[in-house]
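Scroll down for the structure; my scribbles are underneath it.
Residue numbers begin at 1 in each chain, while the letters A, B, ... track the order of the sequences.
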There are 2 protein chains.
Amino acid sequence: MENRCENCIIRQFNSLRALNKDELKKVSDSKISKKIKKGDTLFIEGQKLDGVFCVRDGVSKLSKLSSNGKEQIVKLTNKGEIMGQRSVIAEDFTNLSATAINDMEVCFIPKEVISNTLNTNPYFSLEVLRHMAHDLKEADDVIVNMSQKTVKQRLAEAFIYLRKNYGEDEDGFLSLTLSRDDYANIVGAATESLIRMISEFKKKGFIKTEGKKIGVLKEDTLQELADGF
Amino acid sequence: MENRCENCIIRQFNSLRALNKDELKKVSDSKISKKIKKGDTLFIEGQKLDGVFCVRDGVSKLSKLSSNGKEQIVKLTNKGEIMGQRSVIAEDFTNLSATAINDMEVCFIPKEVISNTLNTNPYFSLEVLRHMAHDLKEADDVIVNMSQKTVKQRLAEAFIYLRKNYGEDEDGFLSLTLSRDDYANIVGAATESLIRMISEFKKKGFIKTEGKKIGVLKEDTLQELADGF
DNA sequence: TCTAAAACATGATAATTGTCAGTTTTTAAC
DNA sequence: GTTAAAAACTGACAATTATCATGTTTTAGA
């Protein structure tokens, strides 16, 4: 049992930091550490979740299947985030599927522990509330982008977002490597359209590619493009 | 002071129902009733809100300006809903503007009362959390619709939504009358495109119109259309 | 009631994006 | 290492949607 929540720095980045010692002990005693392989799924939309997942390492995509059978990625999660809280709080089925984009390390925390703490520790509720408020704001922004911007603008924005949030390696390629399909499902476009746009960006010198890897060359130009110039 | 929160049925539909007598008294003593005329604005995106609005009557649109200058309506609020909580909780500027679609009656509740209660009454926090969880789920659905469905599908869906949530009058017209511009800003399309589609739906007998008013004639057909047939 | 402004409407055309069909490259399993 | 499957890519074409131009109707205020 070397991995105790008490010693886990990750929790400083999420709502679990509002827990007191006793509560933290309960969480730690009941949590189950899991390793998720790239491509594996944490949960599928429509499932009932028995708990939440705290991401120690790796990135996952939260997506939803449209009635036309296409996947839409609603959000990418990063280290420190908690997944599945919406479903546990609303005592509802998940509306999203979670799939690992690279190898992940997560802790599963049973819902009883979470809901007990929500009922007794208002600071914890408030922390969860703040995080959800943040998610809601981001979701609103996505709605506006989806409806008012072109695919090209959304793609430019995606590259900037990925660089900002996940960084790049020593050769200037985005640290988070996504498939073309994933890109298409983030910006909400046909895969072929998206590939064409990547080619275009590359030809124009905005980005560089090497296999799946993509590197941002002209962030300013991409930003202008995203803003509509 | 005839209008006391203690006697207001509206609060049964929102998170205020989790308040105890004392808390409710505080809310009631500090609240300010306001009448908002159709077309007037409750708040504008980027403002700092000093409180939340509890909707007693009327409908408002929550919208956001895109960088291209077009408005996107993110959500319509109805009787009983509380507006501005996200901003108050996150101690953040509003990301949305709120505009009255018809004449409204709202109560303004100062943020201090709200945040005090959030800090002390976990049931209230939990209720707010549930409502926000619901909003977040709805936002996810909107994202998927925006990116995966055609304008025609989204319009069909909008008519069904409006009938279901706001009802219709004795002549079969939607109770909530929106301008063509508002419709365009809900489904995320150019106003001209939208008007054309309304004409098409009318020609095909799916809906009827009389001036601004629109009535759903074939809900099943619209539903099939929205689902992609 | 008159009048200007706003909202509604339609046509022509252009831009954006999707679909289908096929080729090449990469990946992963045996 | 070979090979089958998956992913990446390209072209041709079609469908969707936006834009611009213009006319008509409705609405609200003097």
Side-chain angles (χ1 to χ4, degrees), chain A residues 37-40 66-72 99 101-103 145-158 173 177-203 207-214 225-226 228-229, chain B residues 37-40 61 66-72 99 101-103 145-158 173 177-204 207-214 225-226 228-229:
Chain A
K37 282 229 181 68
K38 174 182 174 177
D40 282 357
S66 170
S67 54
N68 66 9
K70 231 186 144 346
E71 180 191 23
Q72 174 64 34
T99 314
I101 285 186
N102 40 37
D103 289 349
N145 281 344
M146 283 296 172
S147 53
Q148 305 288 6
K149 294 196 169 179
T150 64
V151 173
K152 203 173 289 183
Q153 290 178 299
R154 299 205 293 272
L155 181 60
E157 203 156 58
F173 291 104
T177 303
L178 298 172
S179 70
R180 303 295 194 253
D181 224 25
D182 281 339
Y183 272 109
N185 295 339
I186 287 173
V187 302
T191 308
E192 298 94 322
S193 300
L194 183 115
I195 289 174
R196 247 182 275 273
M197 246 161 243
I198 289 185
S199 304
E200 187 193 328
F201 280 13
K202 187 183 178 179
K203 201 174 290 171
I207 59 171
K208 60 179 176 177
T209 71
E210 197 183 296
K212 275 174 141 52
K213 290 189 292 181
I214 292 178
L225 217 168
F229 299 105
Chain B
K37 283 229 180 67
K38 174 181 175 177
D40 282 358
K61 56 180 177 185
S66 170
S67 53
N68 65 11
K70 231 184 141 351
E71 179 192 23
Q72 174 64 35
T99 314
I101 285 186
N102 40 39
D103 289 348
N145 281 343
M146 282 297 171
S147 53
Q148 304 288 5
K149 294 196 171 180
T150 64
V151 174
K152 202 173 291 184
Q153 289 178 299
R154 299 204 293 272
L155 180 60
E157 204 156 57
F173 290 103
T177 303
L178 299 172
S179 70
R180 303 294 194 253
D181 225 25
D182 281 338
Y183 272 108
N185 295 339
I186 287 173
V187 302
T191 308
E192 298 95 321
S193 300
L194 184 116
I195 289 174
R196 247 182 277 274
M197 245 160 242
I198 288 185
S199 305
E200 188 194 328
F201 279 13
K202 187 182 178 180
K203 202 174 290 171
K204 288 187 176 162
I207 59 172
K208 60 178 177 179
T209 72
E210 197 183 297
K212 275 175 142 53
K213 290 189 292 178
I214 292 177
L225 216 169
F229 298 105

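- Rounded to an integer number of Å, the gap from A:K70 NZ to C:dT17 C1' is 12 Å.
- Map A:S179 and A:S147 each onto its nearest nucleotide of DNA chain D; the residue landing nearer the 5' end is A:S179.
- Distances from the side chain of B:K212 to the nucleotides C:dG18, C:dC8, C:dC20 place C:dC8 closest.
- With hydrogens and angles ignored, the 3.5 Å screen pairs a side-chain donor or acceptor of B:Q148 with a backbone N or O of A:E71.
- Heavy-atom contacts of chain A under 4.0 Å fall on DNA chain D between two terminal nucleotides, which in 5' to 3' order are D:dA7 to D:dA12.
- Annotation: side chain of A:T150 is in contact with side chain of A:Q153 (closest heavy-atom distance under 4.5 Å).
- We find that CD of A:Q153 is positioned 10 Å from P of C:dT16, with the value rounded to whole Å.
- Between B:K37 and B:D103 there is a side-chain heavy-atom pair separated by less than 4.5 Å.
- In the set C:dG18, C:dA21, C:dT16, C:dA21 carries the atom at the smallest distance from any side-chain atom of A:E192.
- Taking atom NZ of A:K213 as the reference point, atom C1' of C:dT25 lies 17 Å away to the nearest angstrom.
- Near DNA chain D, defined here as any heavy-atom distance below 4.0 Å, the residues from residues 193-201 of chain A are A:I195, A:R196, A:S199, listed numerically.
- Taking B:K208 as the reference, nothing meets the salt bridge (Lys or Arg N to Asp or Glu O under 4.0 Å) condition, with sequence neighbours excluded.
- Between the CZ atom of A:R180 and the P atom of C:dT24 there is a distance of 19 Å, rounded to whole Å.
- By the salt bridge (Lys or Arg N to Asp or Glu O under 4.0 Å) test, B:K70 is found to be paired with no residue, residues two or more places apart in sequence or in another chain being considered.
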Checklist entry - Dot-bracket for DNA chain D, 5' to 3', counting Watson-Crick or G-U wobble pairs under 3.5 Å, with [ ] for crossing pairs and | for inter-strand pairs? => result ||||||||||||||||||||||||||||||
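- One atom, CD of B:E210, and another, C1' of C:dC8, lie 15 Å apart when rounded to the nearest Å.
- Look at A:R196 and A:E192 and you find no salt bridge, because none of the NZ, NE, NH1 or NH2 atoms lies under 4.0 Å from a carboxylate O.
- The interatomic distance linking A:Q148 (CD) with C:dT17 (P) rounds to 13 Å, in whole Å.
- For B:E157, the salt bridge (Lys or Arg N to Asp or Glu O under 4.0 Å) test picks out B:K149, with sequence neighbours left out.
- A:I198 is listed as a side-chain neighbour of A:L155, based on a closest heavy-atom distance under 4.5 Å.
- Positionally, the nearest nucleotide of DNA chain C for B:D181 lies more toward the 5' end than for the other of B:D181 and A:V151.
- Side-chain atoms of B:S147 and A:M146, non-hydrogen and from C-beta on, do get closer than 4.5 Å to each other.
- Between B:I214 and B:Y183, some side-chain heavy-atom pair lies under the 4.5 Å cut-off.
- In terms of modelled atom types and a separation under 3.5 Å, the side chain of B:R180 and the main chain of B:I195 share no donor-acceptor contact.
- Between the CZ atom of A:R154 and the C1' atom of C:dG18 there is a distance of 13 Å, rounded to whole Å.
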